[in-house]
Amino acid sequence: MFKLARTVSFSLITLLLSCLSMLSRAESDVETLIFYDDFPPFCYLDDGQAKGLFVDVVTAIFDDMGEAYETKSYPIKRALLFASKGQGIVVGILKNEERQKIFDYSSSFYTEKSMLFVSKGHTFPFSSVNDLKGKSVGVKLGWSYGSKFDQARKTQLFTPVVGEPKQLYTLLKTGRLDAVVGNELSVPRLTKVMNYPVKLEPLPTPLLMADLYIAAKKGTKADLIEKFNNHMAKIKMNGEYKSILKKYNPIN
């Protein structure tokens, strides 16, 4: 009887260990998609859930891939930090020289138009970063706006003022900033939520037409990124991608 009980006990332990091993493998097969949390309508938190254009596009591609995933949202600096440590795939970032040393990139899944927004009636000539000489320009914490802008910022061609969007547009309203870098889709939504009392207008020439990517720590997700690229091409061909974009920008 004792021998039988010991055999049954050993079998149960073996089964339990097998189940735990399977569970561990299943969990490791779930990809973590890291979004940043304050960039509506592209990615933002709504009742604790990641929402927005980037979320819809990238999760549609992962669904088409048949890959299991979870979504997490952080401020952009923390999102980049976690991804650089191999703790997930960061979604919606630019390429720059510094980041290319750290990350492997997908093909671009979206092209973002960054503009310089000014109070109506306070425009100034702008065709290149050099036209910002001596200006005070509001920028979001942790964001890159392309190599030319980033370099001009380092050399203090203009005075960068770093802050959250609501703070920056308040400073613009009071005349303490000449311009704020924003996006053609996000700024109108933000100022509506703020009940912003001053009309804004973008300078006609975009600051940056930026390709955006998903990115993972170098050497960790090459096969997944290649698969992502293939399935992105697929949803672009079948019209699903265009339908998602239309939801956020019905004019185009």
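Sequential numbering from 1 along the given sequence is applied to the chain's residues.
- In this structure, the ring of Y36 has its center less than 6.0 angstrom from the ring center of W143.
- You'll find the side chain of E67 reaches within 4.5 Å of the side chain of L224, heavy atoms only.
- A donor-acceptor pair under 3.5 Å links the side-chain atoms of S243 to the main chain of G239, judged by distance alone.
- Across all non-hydrogen atoms, the minimal contact from L157 to V129 is CD2-O, 3.4 Å.
- A cation-pi arrangement is absent between K133 and F158, since the terminal nitrogen or guanidinium carbon is not both under 6.0 Å from the aromatic centre and inside a 45° cone about the axis.
- The shortest non-hydrogen separation linking L116 to A179 is CD2-CB, 4.1 Å.
- Side chains of Y248 and D56: a donor-acceptor N/O pair is present below 3.5 angstrom, by distance only.
- Between the side chain of N229 and the main chain of S107, a donor-acceptor pair closer than 3.5 Å is present.
- Atom CZ of R176 is separated from atom OG of S136 by 10.0 Å, given to the nearest 0.5 angstrom.
- A salt bridge is defined here as a Lys NZ or Arg NE, NH1 or NH2 lying under 4.0 Å from an Asp or Glu carboxylate O, and E240 with K234 fails to meet this definition.
- Nearest heavy atom pair, residue S144 against residue D150, reads OG-OD2, 2.6 Å.
- When atom types are taken as modelled, the side chain of Q167 and the backbone of E164 share a donor-acceptor pair closer than 3.5 angstrom.
- Figure legend: cation-pi geometry between K95 and Y213, with NZ or CZ positioned under 6.0 Å from the six-membered ring centre and within 45° of its axis.
- The closest side-chain heavy-atom distance from I89 to I34 is not below 4.5 Å.
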What pairs of donor and acceptor atoms, side-chain ones from residues 71-79 against any protein atom, are under 3.5 angstrom apart with sequence neighbours left out?
none

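- Put simply, the side chain of T111 never gets that close to the backbone of D211: no donor and acceptor are under 3.5 Å apart.
- Formation of a donor-acceptor pair under 3.5 Å by the Y241 side chain with backbone atoms of F109 is found in this model.
- Under the 3.5 Å distance criterion, the side-chain polar atoms of S108 are matched with a main-chain donor or acceptor of L212.
- When only modelled atom types and interatomic distance are considered, N183 and S114 share no side-chain donor-acceptor pair under 3.5 Å.
- T174 and L171 get closest at one heavy-atom pair: OG1-O, 3.0 Å.
- N96 and S147 share no side-chain donor-acceptor pair at under 3.5 Å.
- For the residue pair V58 and V91, the shortest heavy atom distance occurs at CG2-CG1, 3.6 Å.
- Figure legend: cation-pi geometry between K51 and Y44 absent, as NZ or CZ is not positioned both under 6.0 Å from the six-membered ring centre and within 45° of its axis.
- From E201, atom CD reaches atom CE of M115 across 10.5 Å, with rounding to the nearest 0.5 Å.
- With hydrogens and angles left out, the side-chain atoms of D131 and S127 include a donor and acceptor closer than 3.5 Å.
- A donor-acceptor contact shorter than 3.5 Å is absent between the side chain of D104 and the backbone of A215.
- The two residues T59 and V55 have their closest heavy-atom pair at OG1-O, 2.6 Å.
- Proximity of K135 to F126: side-chain heavy atoms (C-beta onward) are nowhere separated by under 4.5 Å.
- Counting only heavy atoms from C-beta outward, the side chains of L203 and F124 approach each other to under 4.5 Å.
- Summarising the geometry, atom CG belonging to L132 is positioned 9.0 Å from atom CG belonging to D178; distances are rounded to the nearest 0.5 Å.
- Taking the side chain as every heavy atom from C-beta outward, L172 and L200 approach each other to under 4.5 Å.
- In this structure, Y105 contributes its side chain and L94 its backbone to a donor-acceptor pair below 3.5 Å.
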